[in-house]
> 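There's a structure below that I have some questions on.
Note that these values count all heavy atoms, side chains included, but never hydrogens, waters or copies made by symmetry. Below, read A as the first sequence line, B as the second, and so on, with proteins coming before strands; counting in each chain starts at 1.
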There are 2 protein chains.
Amino acid sequence: MDDVFKALADPTRRRILDELADRDSQSLFEICARLTTKHGLGLSRQGISQHLAVLEAAGLVRTRRQGRYKFHDLNTEPLERILNRWLRPDVPESAQ
Amino acid sequence: MDDVFKALADPTRRRILDELADRDSQSLFEICARLTTKHGLGLSRQGISQHLAVLEAAGLVRTRRQGRYKFHDLNTEPLERILNRWLRPDVPESAQ
DNA sequence: TCGATAGGAAAGCGCTGACTTGCCTATGAT
DNA sequence: ATCATAGGCAAGTCAGCGCTTTCCTATCGA
């Protein structure tokens, strides 16, 4: 739970989540390419790799290996848990 | 929006939000006292003051002065905005 | 008016975190 | 078998953040 907030604290990581929300099952290189072209982020491959590791540790990103590729998928479950902490439970159960 | 995530990144600030969610309209000294007694946080008054400033800048805490007192209230509106960024809009409007 | 109380400003320190660079492993194509 | 590709590991650098300390301002009670 602590890791989720830390993971969300970085703007680059939020961009990555945006990117995965837009298109699931991207590899590291795909994400690199899209971040640089679409958002103009000039970041090394290793930098993004580390960000993905943080997101995965926080449970915000799920990964699966396939050959020499590793695909990343967004997992919004931890986000839904955050909101129950301070938002009154008038948030309906369907949102959890 | 950027400030909201940064503000939420620190565990002490989340404790403060918890405290304000539990009881509204607390002064700085009240918050200090409650954090130390209830949560065992050994933090200086100035430390908490700075945390409150960060929370206020992020819009998560609203303040109003009354004489020499400054009361703090929780404002969950920025949290509700986070919902829409990655969670699908199947979250009903009533939760926003 | 004087002192106590509530809060703010600014400087300084230590530590964490983001990012790069260089090297290493594993899978796939030729 | 060999080389390119996809990805990981580790060390090192640098800026930002949390926290303390010290000093300063403003409001209230005696």
> When you measure from the side-chain N and O atoms of B:Lys70 to the phosphate of C:dG8, is any distance below 4.0 Å, counting only OP1 and OP2?
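Result: yes.
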> So if I apply the side chain to side chain donor-acceptor pair (under 3.5 Å) rule between B:Ser25 and each of B:Gln66, B:Arg64, B:Glu30, which one comes out positive?
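Between B:Ser25 and the candidates, side chain to side chain donor-acceptor pair (under 3.5 Å) is satisfied uniquely by B:Arg64.
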> Going by side chain to side chain contact (heavy atoms under 4.5 Å, CB included), name the residues that satisfy it together with B:Asp22, two or more places apart in sequence or in a different chain.
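Partners of B:Asp22 under the side chain to side chain contact (heavy atoms under 4.5 Å, CB included) test: B:Glu19, B:Arg34, B:Lys38.
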> For A:Arg68, check salt bridge (charged side-chain N to carboxylate O under 4.0 Å, His left out) against everything at least two apart and list the hits.
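In terms of salt bridge (charged side-chain N to carboxylate O under 4.0 Å, His left out), with neighbours along the sequence ignored, A:Arg68 is linked to no residue.
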> Within this structure, what is the CG-to-P distance between B:Leu28 and D:dA26, rounded to whole angstrom?
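From B:Leu28 CG to D:dA26 P: 18 Å.
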> Mind checking salt bridge (charged side-chain N to carboxylate O under 4.0 Å, His left out) for B:Lys6 and listing every partner two or more places apart, or none if nothing turns up?
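Salt bridge (charged side-chain N to carboxylate O under 4.0 Å, His left out) list for B:Lys6, sorted by chain: empty.
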> Report the distance from atom CG of A:Asp3 to atom C1' of C:dG17, rounded to the nearest whole Å.
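For the pair A:Asp3 CG and C:dG17 C1', the rounded distance is 14 Å.
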> Whole Å only: how far is the CG atom of B:Asp2 from the P atom of C:dA18?
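Whole-Å distance recorded here is 13 Å.
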> Is the phosphate of D:dG8 approached by A:Ser49 (side-chain N or O, under 4.0 Å from OP1 or OP2)?
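Looking at the OP1 and OP2 atoms of D:dG8, one of them is under 4.0 Å from a side-chain N or O of A:Ser49.
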> Who passes salt bridge (charged side-chain N to carboxylate O under 4.0 Å, His left out) against A:Asp18, sequence neighbours left out?
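Salt bridge (charged side-chain N to carboxylate O under 4.0 Å, His left out) check on A:Asp18 returns B:Arg85.
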> Among C:dG8, C:dA6, C:dG17, which nucleotide has an atom closest to any side-chain atom of A:Lys6?
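Of C:dG8, C:dA6, C:dG17, C:dG17 is nearest to the side chain of A:Lys6.
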> Rounding to a whole Å, what distance do you find between A:Phe71:CZ and D:dA6:P?
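Nearest whole value for this atom pair: 11 Å.
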> Identify, with sequence neighbours excluded, every residue that meets salt bridge (charged side-chain N to carboxylate O under 4.0 Å, His left out) alongside A:Arg45.
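A:Arg45 satisfies salt bridge (charged side-chain N to carboxylate O under 4.0 Å, His left out) with no residue once adjacent residues are dropped.
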> If I compare all heavy atoms of B:Ser27 with all of B:Phe71, which pair ends up nearest, and what's the gap?
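Heavy atoms of B:Ser27 and B:Phe71 come nearest at N-CD2, 4.0 Å.
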> Take the protein atom CG of B:Leu52 and the nucleotide atom P of C:dA9, then report the distance between them rounded to whole Å.
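Result: 13 Å.
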> Please report, rounded to the nearest Å, how far the P atom of D:dT5 is from the CD atom of A:Glu30.
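It is 16 Å, rounded to the nearest whole Å.
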> Starting at atom CD of A:Glu56, determine the distance to atom P of D:dG7, rounded to an integer number of angstrom.
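Interatomic distance, CD of A:Glu56 to P of D:dG7: 12 Å.
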> Classify every nucleotide of nucleotides 19-30 of chain C by which part a protein heavy atom approaches to under 4.0 Å, writing B for the base, S for the sugar-phosphate alone and - for neither, in 5'-to-3' order.
BBBB----BS--
> Just the rounded figure in Å: distance from P of C:dA18 to CG of A:Leu55.
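One finds 10 Å between P of C:dA18 and CG of A:Leu55, rounded.
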